[in-house]
Amino acid sequence: MPELPEVEVTRLSFASRISGARVLAMHMGKPLRWPLGVAPSVVVGQTVLQVRRRGKYLLLDMERGVLLLHLGMSGSLNFATSQAPAGKHDHMDLITTQGVLRLHDPRRFGAVVWSESQDHEPALKLLGRLGMEPLTDGFELSAFQQGLKKRQAPIKQVLLAGDVVVGVGNIYASEALFMSGIRPTVKAQKLSGPRVTKLHTAIKEVLARAVAQGGSSLKDFVSAEGQTGYFQLEASVYGRAGLPCRVCHTPIKQIVQGQRSTFFCPLCQKH
DNA sequence: CCATATACCTGGCAGC
DNA sequence: TGCTGCCAGGTATATG
């Protein structure tokens with residue numbers, strides 16, 4: 001569920017609502033990917049200053065540290081208005097003066113980590129090797145090109161790795177490569193300048209469009225299930241194995257790269 | 001440094 | 001209906 005667009009839409013959906021809130025209590029459920037790092041009581045009493053996003057991580061800046069959240073594969077955040085009973089898969093409740101921020105994550109690949117904001121904190125180390133933010137000016141074509149030039153791995157896997165550019169998950173990697181007419185198996189370093197330019201544009205476009213779409217359903221995003229965004233978007237290739245390409249009607253192919261599914265049109269993405 | 005495999009965990013679904 | 005096997009939006013870590 002959560003690639004960059006959904007994480008960003010999630011952020012937008014609760015950032016203003018929780019900013020300025022003071023933490024009254026914090027409850028953790030079953031273990032997530034990493035331990036919180038401190039007793040939940042450490043977070044109690046702190047005020048949420050702002051909510052930022054870095055890649056697919058959400059960062060709740062507080063007075064004395066940062067609460068880092070990751071949604072993993074199956075996580076979502078929602079606001080429980082009162083003390084509605086936590087369900088089987090609710091693994092964090094942040095009870096604040098402005099509502100209860102609740103993490104729902106069946107597979108528990110997500111994470112909630114507290115970090116006292118200085119350098120060598122393990123939580124912030126997670127952010128250390130992340131690549132460029134695709135929806136900011138920092139995502140410069142020349143830097144993108146330079147990043148790809150070093151890589152011999154297939155372009156799809158380089159996009160997913162997140163150390164050149166962040167936020168492109170398994171769905172949007174396939175979609176962006178389709179948009180730019182690039183075969184996912186091509187070695188990153190073999191892409192010509194013009195093709196890198198196309199890909200650079202496609203990544204920005206596909207992610208920005210998805211954020212906009214998610215944003216349009218923002219009203220019921222939280223109260224509903226937190227999943228409306230993706231289903232509004234029509235995938236060009238993802239999940240469409242065997243179905244006709246929307247452009248040329250050639251059957252879409254599905255392959256496996258790095259144990260993940262990749263989808264592409266063999267005609268529109270010739271090499 | 002780089003590329004690839006592995007591990008984490010649960011639910012949904014196709015097929016029998 | 002129930003079982004089994006496979007698949008799923010991520011990514012740190014180990015291994016070669």
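Computed over heavy atoms, backbone and side chain alike; hydrogens, waters and symmetry mates excluded. Quick note on labels: first sequence line is chain A, next is B, and so on, each numbered from 1.
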field: Same-atom distance (P) from B:dT6 to C:dC6, integer angstrom
entry: 16 Å
query: Atom NZ of A:K149 to atom C1' of B:dC2: distance rounded to whole Å?
result: 18 Å
task: Select one nucleotide: of B:dC2, B:dA3, C:dA12, the one nearest the side-chain heavy atoms of A:K150.
output: B:dC2
field: A:H91: partners by ring pair (Phe, Tyr, Trp, His ring centres under 6.0 Å), with sequence neighbours left out
entry: none
- prompt: Quick one: do A:R54 and A:E133 make a salt bridge, cutoff under 4.0 Å?
  reply: yes
- prompt: So, for A:V206 and A:A176, which heavy atoms are closest and what is the spacing to 0.1 Å?
  reply: CG1-CB, 4.2 Å
message: Regarding A:S261, tell me which of base, sugar-phosphate or nothing describes its non-hydrogen contacts under 4.0 Å with the strands shown.
response: sugar-phosphate
- request: Indicate the ring-plane relationship of A:F14 and A:F79, choosing parallel, tilted or perpendicular according to the 30° and 60° boundaries.
  value: tilted
- prompt: For the side chain of A:K56, counting heavy atoms from C-beta on, which of C:dG10, B:dT4, C:dA8 is nearest?
  reply: C:dG10
- request: Check DNA chain B for consecutive Watson-Crick or G-U pairs with both distances under 3.5 Å and list the runs of at least three as stems.
  value: B:2-8 with C:10-16, B:10-16 with C:2-8
Could you pull out the protein-nucleic contacts involving nucleotides 5-8 of chain B (nitrogen or oxygen on both sides, under 3.5 Å)?
unit_1, atom_1, unit_2, atom_2, d
B:dA5, OP2, A:Q259, OE1, 3.1

task: With A:N170 as reference, evaluate A:E3, A:K156, A:E175 under the side chain to side chain donor-acceptor pair (under 3.5 Å) test and give the passing residue.
output: A:K156
- prompt: Which of parallel (below 30°), tilted (30 to 60°) and perpendicular (above 60°) describes A:F139 and A:F144?
  reply: perpendicular
statement: Closest non-hydrogen atoms of A:Q254 and A:A241, given as atom of the first, atom of the second and distance, are OE1-CB, 3.5 Å
query: Quick one: does A:R17's side chain have a donor or acceptor within less than 3.5 Å of a partner on A:S13's backbone?
result: no
Note, A:V48 side chain near A:Q98 side chain (heavy atom, < 4.5 Å): no
task: Identify whether any heavy atom of A:K187 sits under 4.0 Å from a base atom; if not, whether one sits that close to sugar-phosphate; answer base, sugar-phosphate or nothing.
output: nothing
- prompt: What nucleotide among C:dT11, B:dA3, C:dA8 has an atom nearest to a side-chain atom of A:R151?
  reply: B:dA3
query: Is A:H89 near enough to B:dT10 that one of its side-chain N or O atoms lies under 4.0 angstrom from OP1 or OP2?
result: no
message: Quick check on B:dC9: is either OP1 or OP2 less than 4.0 Å from any side-chain nitrogen or oxygen of A:K30?
response: no
- request: Measure from CG on A:L32 to C1' on B:dC9 and round the result to the nearest Å.
  value: 11 Å
task: Take the protein atom CD1 of A:I171 and the nucleotide atom C1' of C:dA8, then report the distance between them rounded to whole Å.
output: 10 Å
query: Partners of A:F178 by ring pair (Phe, Tyr, Trp, His ring centres under 6.0 Å), sequence neighbours excluded?
result: none
query: To the nearest Å, how far apart are A:R53 CZ and C:dG10 P?
result: 14 Å
- request: Run the salt-bridge test on A:K150 and A:D163 with the 4.0 Å N-O cut-off and return the result as yes or no.
  value: no
message: So, using side-chain hydrogen bond (donor to acceptor under 3.5 Å, both in side chains) as the criterion, who are the partners of A:Q146 when residues are at least two apart?
response: none
- request: Find the distance A:H91:NE2 to B:dT10:P and express it as a whole number of Å.
  value: 8 Å
- prompt: Start at the 5' end of DNA chain B and walk down; is the nucleotide closest to A:P154 or to A:R108 reached first?
  reply: A:P154
- request: Would you kindly give the CG-to-P distance between A:D105 and B:dC9, to the nearest whole Å?
  value: 12 Å
message: I need the CG-P distance between A:L126 and C:dT13, as an integer number of Å.
response: 7 Å
task: Let me know, please, whether A:A161 or A:Q254 comes out on the 5' side of the other along DNA chain C by nearest nucleotide.
output: A:Q254
query: Out of C:dT11, C:dA8, B:dT10, which has the shortest distance to the side chain of A:H70?
result: C:dT11
- prompt: Within the pair A:Y57 and C:dA12, is there a side-chain N or O less than 4.0 Å away from OP1 or OP2?
  reply: yes
task: Between C:dA8, C:dA12, C:dG10, spot the one nearest the side chain of A:W34, thanks.
output: C:dA12
- prompt: Tell me: NE2 of A:H104 to P of B:dC9, nearest whole Å?
  reply: 18 Å
Where A:K187 and A:Q152 come nearest, the two heavy atoms and their spacing: CG-O, 3.1 Å
- prompt: Tell me, which of residues 128-136 of chain A have any heavy atom that sits under 4.0 Å from an atom in DNA chain C?
  reply: none
